[in-house]
Amino acid sequence: MLGKHMTEQTASLFELGPEAPLLLQALTHPSLANEQRDLPDNQRLEFLGDAVLGLCISELLYQRCPDADEGTLTRLRAQLVNAERLADWGRSQGLTPELRLGRGASAGGLRESTNVVADAVEACIAATYLENGLEAARRACARLVEPVLDDLLANGGRDPKSELQEVVQSFGFSPPLYEVIASGGPAHESWFEVRVGVRGMWLATARGRSKRQAERAAAAQVVQARGELLEPLVAHPTQPPEAK
């Protein structure tokens, strides 16, 4: 049974009533459906939600980036709607405690699986579309990408982690190393603190609502101060940092 407060929180994200049948279905993993006969799972909804999400985000990018060519728009969309991004958002919004899994899947840690969480997010988008129409789905999809869209566009559509790796390689260094050094908060307001190291030096630390967000923020700091932080490492190499 889902907690009432948590269900209402997720329902509000997707503009659904907490008792909406499609919301419960969207949160139901096939492992539970396998244990309870005739219980619908979220796979058909996930299929539809993937298409709705792709349409809504494509439309949003088309409007927000009037000068971007097809290749740029495709790259931006891929960065916004990949499984890792969807799962990060779902975890940051407290979706994982509400997932309805079978006993074996739950005991096996599938509740935190990137694909499982991402599928549930897409299924919830489909539920919004079916219950309240395309306009409501547009709003739900916009809320999903808001945490990163402005930063992504401000960075010319480039992901800070990818850009840092390119910069580091241009100096002839090994890829950056990321390490989670702290975390906390309840499930729906969790946070992570991550540091990034290059060639033996920890160069920046940042916090985010997910590991990926924190890594991106730390990488962005190094990219923005690349001359100050990276160029001295050419003259003074040290041993690579080791994660604890």
Side-chain angles (χ1 to χ4, degrees), residues 65 68 71-72 74-96 108-118 121 144-244:
C65 309
T72 299
T74 299
R75 185 177 69 250
L76 285 167
R77 183 179 61 193
Q79 292 184 48
L80 290 170
V81 301
N82 62 69
E84 185 178 357
R85 180 86 70 184
L86 297 180
D88 278 349
W89 183 84
R91 295 184 189 107
S92 73
Q93 299 301 316
L95 195 68
T96 51
L110 281 186
R111 187 175 301 277
E112 293 294 331
S113 164
T114 292
N115 287 336
V116 168
V117 181
V121 170
L144 192 156
V145 300
E146 280 173 356
V148 296
L149 180 56
D150 288 341
D151 288 344
L152 197 58
L153 294 179
N155 198 41
R158 296 173 62 82
D159 181 82
K161 289 182 64 178
S162 299
E163 185 170 6
L164 176 59
Q165 181 151 333
E166 292 180 10
V167 171
V168 164
Q169 289 176 339
S170 73
F171 280 97
F173 301 158
S174 298
L177 177 65
Y178 297 88
E179 179 185 31
V180 177
I181 56 176
S183 62
H188 64 287
E189 293 183 352
S190 60
W191 57 266
F192 296 85
E193 187 169 343
V194 170
R195 62 181 178 179
V196 57
V198 175
R199 210 181 191 191
M201 295 292 293
W202 297 111
L203 300 178
T205 302
R207 281 194 181 191
R209 294 287 297 276
S210 68
K211 293 178 184 178
R212 182 176 176 82
Q213 287 184 12
E215 289 173 352
R216 290 179 70 254
Q221 290 182 35
V222 180
V223 169
Q224 291 168 7
R226 69 185 73 179
E228 177 184 348
L229 295 176
L230 294 177
E231 289 180 4
L233 297 183
V234 177
H236 302 287
T238 56
Q239 294 299 315
E242 295 183 359
K244 296 179 180 179

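Scanning both residues, Arg111 and Thr96, for their nearest heavy atoms gives NH1-O, 3.0 Å. What you find for Ser183 and Phe192 is that their closest heavy atoms are CB-CD2, 3.7 Å. Across all their heavy atoms, Gln221 and Ala204 have their closest contact at OE1-CB, 3.5 Å. Pro232 and Gly227 make their closest contact through CD-O, 3.5 Å (heavy atoms, listed as atom of the first residue, atom of the second, distance). The minimum heavy-atom distance linking Phe173 with Val198 is given by the pair CD1-CG1, 3.6 Å. Nearest heavy-atom pair, Val223 versus Pro160, reported as atom, atom and distance to 0.1 Å: CG2-O, 4.0 Å.
Taking 4.5 Å as the limit, some side-chain heavy atom of Glu193 sits within range of a side-chain heavy atom of Thr205. Put simply, the side chain of Glu146 does not reach to within 4.5 Å of the side chain of Leu149, judged on heavy atoms. Here the side chains of Arg216 and Val148 are in contact, with some heavy-atom distance below 4.5 Å. At a threshold of 4.5 Å between non-hydrogen side-chain atoms, the residues Thr72 and Cys65 do not count as touching. Contact of the Arg77 side chain with the Val145 side chain is not registered, since no non-hydrogen atoms from C-beta on lie closer than 4.5 Å. Considering only heavy atoms from C-beta on, Arg199 stays 4.5 Å or farther from Phe171 through its side chain.
In this structure, the separation between OG1 on Thr114 and CG on Asn82 is 9.5 Å, given to the nearest 0.5 Å. Atom-to-atom distance recorded for Arg212:CZ and Arg85:CZ is 4.5 Å, nearest 0.5 angstrom. To the nearest 0.5 angstrom, Gln165 atom CD is 11.5 Å from Ser170 atom OG. If you take CH2 on Trp191 and CZ on Arg207, they are separated by 3.5 Å, rounding to the nearest 0.5 Å. Note that OH of Tyr178 is 5.5 Å distant from NZ of Lys161, once rounded to the nearest 0.5 Å. Put simply, CG on Leu164 and CD on Gln169 are 9.5 Å apart, with the number rounded to the nearest 0.5 Å.
Screening Val180, Leu177, Leu203, Ile181 for a side-chain contact (heavy atoms from CB on, under 4.5 Å) involving Arg195 leaves a single residue, Ile181.
Side chain of Arg91 to backbone of Glu112: a donor-acceptor contact under 3.5 angstrom is found.
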